[in-house]
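Read the structure below first, then the notes.
Note that these values count all heavy atoms, side chains included, but never hydrogens, waters or copies made by symmetry. Throughout, residue positions are numbered sequentially from 1 according to the sequence presented.
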Amino acid sequence: MTSTLTPQPVERAKPARTGAVARRRTRVLALPEARWAAAATVLFLLALPLQLTGAPAWTWGPLYALSYVTGGWEPGWEGLKALKDRTLDVDLLMVVAALGAAAIGQVMDGALLIVIFATSGALEALATARTADSVRGLLDLAPATATRLGPDGGEQAVAVEDLTVGDLVLVRPGERVGADGRVLDGASEVDQATITGEPLPVPKERGDEVFAGTLNGTGALRVRVERDASDSVIARIVRMVQEASETKAPTQLFIEKVEQRYSLGMVAATLAVFLVPLAFGAQLTDALLRAMTFMIVASPCAVVLATMPPLLSAIANAGRHGVLVKSAVVMERLGQVDAVALDKTGTLTEGSPRVTDVRPLPGSGLDEGELLTLAAAAERPSEHPLARAVVDAARERGLDLPDAQDFTSAPGVGVTAVVGGRTVAVGAPARLLETVDGTAVKLEEFGRTAAELEESGRTAVLVVVDGTPAGLLGIADRLRPDAAATVASLARLTGSAPVLLTGDNPRAAAHLAAEARIDDVRAGLLPQDKLDAVRELESAGRKVLVVGDGVNDAPALAAAHTGIAMGRAGSDLALETADAVVVRDELAAVPATVALSRRARRLVVQNLVIAGVFIAGLVVWDLAGDLPLPLGVAGHEGSTVLVGLNGLRLLREGAWQRAAAGESS
């Protein structure tokens, strides 16, 4: 029985050209382990009735022999290779026990051991394959080819692996996007639920980002490739889930360390069970049969399988829902956290500023629409995030923006442009007020409005028209819709309310924290301050989970017991430093993953208890009573199968749904 579930290499699939991609599942008989087990079982079932009906030995003996060979050659060979490396494999012990049973005339019992053992191995291989299927399903989302456009506009079908950064590709209606990139021309709606989790197709036009594997709608798009195929969001998901599946949790490492000593001790105990009764006059056959039974029932197969199936199943399930847990170590540690520290911008908030208030000043002669139109027209040539927020607000209201002339931008001050013959300046109030000739009444009204906006956590932006203050815009980063529910879920899971760590000003931080129902707010923090706050919590004996997205969060992510990065807009440094990444930027996935980890840890404990009870009960029965070999085989292998299947429960969709609903047990 192998000591880990190691996923098979995942080959790139060739999905359908259009439409939804069917999720593929490995067929049972596609696995060599399953075919050998099936052959051994058929041979056993052919031999058994012949033996029971008194047929000559030459009719059923060869069938049993073939059953031994087909079901036992592979684990026996693996055990011999392990023995060559001075490692005692329990697979070899099972084969030796079967051959020992045959040597004393218990041919049917030995064959039964081989059949059940081979069947158990086939079930384990199937579990491994189904875990790999979850990863392969992600690869199936990406198309195999894309239409690359040449400098002359000519079209060429190429493999997506051959696309390079800067290539221009055509995505026709109904096709899947071949690479991560940005729209240069065209408009359409793209179904990107597989990446971002958004339930409805998202409108895409010039300048918008698209992801490989997402499904284009009714329009054609020309997309410039911005990431190599190996670095696309889909590829990173697959790579990180595969890397996680190859790691071992501390519990598994401890079990494997003990396994060798246990196996050697079990061999010594088997010899004692055989030799001691023999020394006191027991029959050779009886002593050997009891020793073989003891070696079978005392084998730690179920204990070895107790840890990795639940953790790997949890990793695969989380990966299907856009959370990349980088290792089995991380999946185990996530369930241990009892304190959470959250970043603000890009984590609790959407990370993109939005206009929340449009306030024309009295006497300006402008209404909200006119003020926003002038400001957006002036800001449209700018690449500043606040400028984009103003332009987006105007577009959302359906305002027509006139062209701007004589555009200039001064860092730290704002922009100036001529819009419809009027000079419009938009920027920081403190700087722009030095250049205007506003009346005292207007400046007094401006001061009250600006103070009101800043008091409510907004950033105030002044709009000056022809040298006179005309109005103010309030801009704020919007709280994620699921932020308050996530905070409540994390508090329920950990037993303590999360802490907000942010470099923003105290007033804005306090306002947002109140919306998210966070009481402990630490604002105005530099990266070192965030690191110190995490160390302070950990010095109090807490196991801290840090959730962030920026470069300034990286030190805290690295120092925490566990770190999770928001992946969609997260910095490369944060993504590399974090132990897990939320690719779809769904904040609610954080408590769901913690709950899933806790369920995995509970299943590990359940498995260890199941394995221990079976081993102890069967060993006592064999030593103190007369345990039949077939019953010992069935009990031992049955417990191994039960433990393996119990761990795979977390592969089911219902496991994630229960975790997302806040059920960690």
Side-chain angles (χ1 to χ4, degrees), residues 182 202-209 345-346 349-362 364-436 438 442 445-446 449-480 504-505 508 511-512 569:
R182 198 165 296 277
V202 179
K204 297 291 183 180
E205 57 185 25
R206 180 182 177 87
D208 290 335
E209 186 177 19
T345 305
T349 68
E350 295 177 347
S352 55
R354 296 175 179 270
V355 174
T356 58
D357 300 85
V358 181
R359 304 280 188 89
L361 292 176
S364 66
L366 301 174
D367 59 21
E368 290 187 8
E370 293 169 333
L371 178 65
L372 185 57
T373 297
L374 290 173
E379 291 275 27
R380 186 160 54 171
S382 175
E383 291 298 321
H384 194 280
L386 295 184
R388 290 199 295 271
V390 175
V391 175
D392 288 344
R395 286 175 175 168
E396 288 174 2
R397 295 193 181 197
L399 301 177
D400 293 327
L401 302 184
D403 293 332
Q405 289 83 36
D406 300 330
F407 172 83
T408 59
S409 176
V413 179
V415 303
T416 302
V418 176
V419 180
R422 309 175 74 177
T423 301
V424 180
V426 185
R431 297 292 182 89
L432 287 183
L433 282 177
E434 299 173 359
T435 65
V436 303
K442 281 189 178 179
E445 180 65 27
F446 157 79
T449 305
E452 180 183 337
L453 290 174
E454 291 175 354
E455 193 66 35
S456 61
R458 272 68 166 160
T459 296
V461 174
L462 177 61
V463 181
V464 177
V465 179
D466 292 332
T468 302
L472 284 161
L473 305 178
I475 299 180
D477 193 0
R478 183 184 300 177
L479 190 71
R480 292 182 187 272
D504 206 348
N505 68 78
H511 178 77
L512 183 133

So V355 and R397, side chain to side chain contact (heavy atoms under 4.5 Å, CB included) or not? Walk me through it.
-> CA-CA 11 Å; V355 174; R397 295 193 181 197; 5.8 Å; no
Listing, residues 367-377 side-chain donor-acceptor contacts under 3.5 Å, not counting sequence neighbours, or none:
unit_1	atom_1	unit_2	atom_2	d
D367	OD1	G369	N	3.2
D367	OD1	E370	N	2.7
E370	OE1	D367	N	3.0
T373	OG1	G369	O	2.7

Where L462 and G471 come nearest, the two heavy atoms and their spacing = CD1-O, 3.5 Å
Nearest heavy-atom neighbours spanning I475 and A389 | CG2-CB, 4.5 Å
Compare all side-chain heavy atoms of D357 with those of L472 and state whether any distance is below 4.5 angstrom.
-> no
Side-chain contact, heavy-atom cut-off 4.5 Å: R422 with V419?
-> no
Drop me the distance from E379's CD to R388's CZ, to the nearest 0.5 angstrom.
-> 11.0 Å
Does R182 CZ have over 12 foreign heavy atoms under 6.0 Å away?
-> yes
Kindly say whether T408 contributes a backbone atom to a donor-acceptor pair with the side chain of T416 at under 3.5 angstrom?
-> no
Start with the C-alpha distance between V390 and L473, add both sets of side-chain angles, then the distance that settles side chain to side chain contact (heavy atoms under 4.5 Å, CB included), and finish with yes or no.
-> CA-CA 8 Å; V390 175; L473 305 178; 3.9 Å; yes
